[in-house]
Amino acid sequence: MTNKLILIDGNSIAYRAFFALPLLNNDKGVYTNAVFGFTTMLLRILEDEKPTHMLVAFDAGKTTFRHKTYGEYKGGRQKTPPELSEQFPLVKELLDAFNIMHYQLNQYEADDIIGTLAKHGEKQGWEVNVISGDKDLLQLVSNKVKVSLTKKGLSDVDTYTPTFMEEKMEVSPEQIIDMKALMGDSSDNIPGVPGVGQKTAVKLLKEFKTLEVLYENLDKVSGKKLKEKLENHKEDAYMSKELVTIECESPIEISLENITYNGYEPNQVSAIFKDLGFQSLLTRIEGDVTIPVEEKEELSNLEIEVLDKVEDNIFTGVEAFEVEMLGDNYHLAAIEGFGLVNENKKYFIPTDVAIKSDAFKRWAEDGKYKKWVFDAKKVTVALLKHDIQIKGIEFDLLLASYLIDPSENHHDIPAISHRLGQKQVLFDEEVYGKGAKMKVPEFDELVNHITRKANMIYLLKEEVEKELEQNEQLELLKELELPLSIVLGEMEALGVQVDVDRLKHMGEELKERLQTIESEVHELAGETFNLNSPKQLGPILFEKLGLPVIKKTKTGYSTSADILEQLQNKHEIIPKLLVYRQLGKLQSTYIEGLLKVVHKDNQKIHTRFNQALTQTGRLSSIEPNLQNIPIRLEEGKKIRQAFIASKDGWVIFAADYSQIELRVLAHIANDEKLIEAFNNDMDIHTRTAMDVFHVEADEITDNMRRQAKAVNFGIVYGISDYGLSQNLGITRKDAKTFIDRYLNSYPGVQTYMDEVVQEAKQKGFVTTLMNRRRYLPDITNRNFNLRSFAERTAMNTPIQGSAADIIKLAMINLNEKLKEENMQAQMLLQVHDELILEAPIEELDRLKEIVPSVMESAVELSVPLKVDYAYGKTWYDAK
DNA sequence: AAATTCACGC
DNA sequence: GACGTACGTGAATTTA
């Protein structure tokens with residue numbers, strides 16, 4: 001195998017990186033853009049080229065041997081900006097971490113070092129690749145030596161081989177020197193021959209091959225003026241030649257053996273990336289960053305006191321507290337026991353002992369006694385069922401862990417503990433088993449497990465809070481998520497009243513209609529089959545009935561609604577299938593699904609809001625999901641008639657933010673036009689249509705508005721041109737045109753989009769209004785898909801996440817306000833941009849004031865927030 | 001039990 | 001120019 005030598009022009013690449021990337025600094029206030037760009041280039045080279053030898057050469061200082069020839073060499077050059085010069089030491093540190101040799105030599109330039117080593121490598125028959133941004137180096141190109149020059153940005157390079165050179169430059173590598181001698185180089189202050197630029201130089205060299213031949217045959221040069229100039233500046237030309245010629249025999253003190261490259265130590269690189277704040281590059285490190293191998297640690301003995309009675313004096317006022325339940329539906333599960341840890345002792349309190357104890361209740365309900373818990377909402381709901389209203393929760397390990405990194409999949413106590421190096425706790429699976437085999441272990445083991453969990457909360461609180469503090473997220477936890485979790489707990493525990501009879505009635509009706517359609521479809525298909533099976537349906541549609549295949553999935557034909565819609569008129573079976581799908585969905589998911597989760601005792605549904613799941617900061621809702629109850633199609637919307645107020649004379653009251661995401665966008669992008677549109681309370685989709693289609697309001701057709709709406713939708717959800725094209729049934733190219741026109745119309749938005757992506761590249765994450773974070777390691781991935789996805793996420797998450805922040809704050813404030821005003825009205829649900837409450841009719845007038853005003857004033861943006869509301873006997877009627 | 005496909009909301 | 005492309009939950013079917 002031949003050796004492969006990579007020679008990098010350090011100064012040149014650092015310069016390119018510096019000017020290609022915006023000037024951002026890391027958390028320590030140090031500028032790192034050049035280092036960052038340098039690093040991405042380095043990683044790319046290592047991944048692609050797999051060099052065996054490597055060196056980064058730097059210029060040594062102000063004067064070089066060339067100054068003796070020409071005092072004005074590189075004169076008049078702009079001084080290196082201090083923001084860049086301070087980054088050179090960092091680049092060298094970085095190279096050290098990569099175990100890459102770097103070198104500079106007094107009186108010589110990086111070019112000379114590179115030239116010298118390139119010749120050495122060439123002589124050995126090695127493959128040599130020179131990387132720079134400086135065209136002068138092209139003179140080194142040969143059959144063995146390739147030169148890669150950075151193009152505009154950093155990611156793109158042109159690699160010059162002798163053939164590519166002839167093609168692109170129209171001269172040979174040797175002629176580069178003569179060309180430069182003739183044309184000069186203003187950036188290096190090399191005179192050349194005045195009036196001779198690249199064009200003329202190339203023309204001359206094509207004819208005469210070398211500078212020497214040219215001057216020997218000066219009389220053959222056509223053009224009187226040109227001849228004169230050449231004659232008068234002969235000396236300049238020869239001197240210039242000397243200046244641009246790379247010294248390939250510079251007295252370097254290193255040799256090829258010194259610069260073998262044996263790869264880097266992942267840990268060292270990881271350390272410096274973290275130090276520089278290059279989170280996003282951590283994933284590019286090849287090889288394992290040895291997270292000291294997760295070794296199974298024996299559990300040491302833990303001194304636990306199992307209480308048979310709770311005394312007031314066991315509480316210190318600061319305790320970690322774990323409420324353990326088996327299975328995750330805390331509305332149904334029984335409490336297995338409590339763990340309690342404070343600075344003095346570790347206790348296990350059996351469920352009965354605690355809930356029957358006045359002392360326990362006194363402690364729990366007294367806000368002066370501070371509690372550190374895992375999942376404040378679960379704790380709140382679980383205790384509420386035993387008539388205990390817990391107060392004084394001041395730390396929640398679940399929420400903290402989520403805020404630190406929402407992309408982490410496992411936010412349970414053992415997983416978090418192990419991540420932070422605390423191993424003295426088992427995973428639930430180890431204790432309880434999993435799946436069908438899940439069961440409560442014997443008492444001692446249970447006591448141990450639960451108390452250890454409480455102990456972990458106690459041990460980790462400080463460290464986790466410190467990290468939040470460093471990320472400026474402590475307020476987000478203490479003032480937003482934690483108070484919200486209490487509010488959510490109350491909402492969940494209260495539950496939503498369901499009209500079960502109505503659901504059942506709808507179910508019976510549906511059942512009949514479904515049966516009718518099913519037999520009709522079987523009739524049309526000429527055979528019976530399972531309508532719910534795409535696998536059976538596919539062959540019938542596309543083989544037996546011969547309908548055109550529009551799209552395939554990896555296992556067969558696609559039969560999704562958008563495909564079927566395109567086949568609407570091809571066969572009468574299609575519309576029937578579509579109705580069947582629609583009704584079937586209602587039946588299985590919404591009628592049967594909801595009936596399954598209605599609590600028998602009170603005919604209420606108690607959903608659970610997952611507050612530590614989504615990547616954007618939104619809530620999700622499970623068992624059942626009450627955030628996707630049908631609304632678009634009338635048939636489905638009727639499901640909402642089954643959601644009713646819990647008392648006679650009460651109503652459902654729903655309030656929703658109008659265009660909150662686009663308002664947030666107007667604010668954070670600070671886009672003049674968008675801000676103006678909202679300040680004038682314009683119809684935003686119409687406004688967008690005017691801007692995208694360049695027409696007046698009265699010329700806008702329904703279709704134009706529909707398309708504009710889809711574009712806005714795309715902006716808010718960060719969809720791609722492909723997504724938009726699917727959405728509108730247009731080509732990707734047209735979709736891209738729409739997006740481009742949108743961004744041209746709103747330059748503030750364009751700038752924001754560019755900046756937020758750059759910021760994500762530098763920092764590795766994006767943030768929302770209230771400092772929620774989302775890490776985007778793929779933002780520098782070289783896989784186009786992954787990178788594009790990360791880029792869209794970078795643009796979208798601050799928008800959607802900030803909207804989530806705002807409604808969360810509004811919920812806390814509204815809850816507060818309702819209590820303050822002694823209202824009976826209660827929040828029931830949150831559906832991303834809307835709040836659903838129930839309230840006595842008598843409170844309606846006040847609610848109409850309070851709810852919108854609290855929601856609208858949650859934060860002050862550069863545009864107003866607008867809230868619409870409606871109410872009625874059922875959720876359906878609150879429209 | 002896990003993967004696949006489909007469909008509902010924002 | 002290719003790549004497969006908003007986030008969630010849940011149902012039914014199929015595969016393993």
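Predicted model only: the values in this text are computed from it and were never measured. Within every chain, numbering begins at 1; the chains are lettered A, B, ... in the order of the sequence lines, protein sequences first and strands thereafter.
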Does [X] put a side-chain nitrogen or oxygen below 4.0 Å from OP1 or OP2 of [N]?
X: A/T555; N: B/dT5; result: yes
X: A/T589; N: C/dG10; result: no
X: A/S588; N: C/dG10; result: no

*Counting only non-hydrogen atoms, which of residues 612-628 of chain A are less than 4.0 Å from DNA chain B?*
A/R618, A/Q627, A/N628
Nearest whole Å is fine: how far is [N] [atom2] from [X] [atom1]?
X: A/E635; N: B/dC8; atom1: CD; atom2: P; value: 11 Å
X: A/N796; N: C/dG8; atom1: CG; atom2: C1'; value: 13 Å
X: A/Q582; N: B/dC8; atom1: CD; atom2: P; value: 7 Å
X: A/Y590; N: C/dA12; atom1: OH; atom2: P; value: 13 Å
X: A/Q587; N: B/dC6; atom1: CD; atom2: P; value: 21 Å
X: A/L835; N: B/dG9; atom1: CG; atom2: P; value: 19 Å
X: A/I799; N: C/dC7; atom1: CD1; atom2: P; value: 14 Å
X: A/Q726; N: C/dG4; atom1: CD; atom2: P; value: 15 Å

*Determine, for A/Y557 and A/K552, whether the Lys NZ or Arg CZ falls below 6.0 Å from the six-membered ring centre while staying within 45 degrees of the axis.*
yes
*Taking the six-membered ring of A/Y876, is NZ or CZ of A/K637 closer than 6.0 Å to its centre and within 45° of its axis?*
yes
_Taking only the P atom of each, what is the distance from C/dG4 to B/dA7 in whole angstrom?_
23 Å
*B/dG9 to C/dA6 separation - C1' atoms, rounded to the nearest Å*: 13 Å
Can you tell me which nucleotide in [options] comes closest to the side chain of [X]?
X: A/R581; options: C/dA12, B/dC6, C/dA6; result: B/dC6
X: A/P630; options: B/dC8, B/dC10, B/dC6; result: B/dC8
X: A/S560; options: B/dC6, B/dG9, C/dA12; result: B/dC6
X: A/R774; options: B/dC6, C/dC3, C/dC7; result: C/dC7

Which part of the nucleic acid, if any, lies within reach of [X] when heavy atoms closer than 4.0 Å are counted: base, sugar-phosphate only, or nothing?
X: A/L586; value: nothing
X: A/S788; value: nothing
X: A/N530; value: sugar-phosphate
X: A/F784; value: base
X: A/I629; value: sugar-phosphate
X: A/Q536; value: sugar-phosphate
X: A/R732; value: base
X: A/K535; value: sugar-phosphate

_If you compare all heavy atoms of A/Y402 against all heavy atoms of A/R618, which two are closest, and at what distance to 0.1 Å?_
OH-O, 4.2 Å
_Contact summary for A/R773 and A/P406, nearest pair of heavy atoms_ = O-CG, 3.2 Å
_List the residues meeting ring-ring contact (aromatic ring centres under 6.0 Å, His included) with A/Y580, not counting sequence neighbours, and say none if there are none._
none
*Given Watson-Crick or G-U pairs with both distances under 3.5 Å, what dot-bracket string fits DNA chain C, with | for other-strand pairs and [ ] for crossing?*
......|||||||||.
_Contact between A/T751 and A/E755 at the side-chain level, heavy atoms closer than 4.5 Å - yes or no?_
yes
*Find out whether A/L776 and A/V766 are in side-chain contact, i.e. whether some heavy atom of one side chain is under 4.5 Å from a heavy atom of the other.*
yes
*Quick one: CD on A/Q611 to OG on A/S485, what's the gap to the nearest 0.5 Å?*
5.0 Å
*May I ask you to verify whether the side chain of A/S720 and the base of C/dT5 hold a donor-acceptor pair under 3.5 Å?*
yes
_Pair A/F738 + A/Y742: ring centers closer than 6.0 Å_ = no
_With a 4.0 Å cut-off on N to O distance, would you call A/E635 and A/R513 a salt bridge?_
yes
*Thinking salt bridges, do A/E481 and A/R772 make one under a 4.0 Å N-O criterion?*
yes
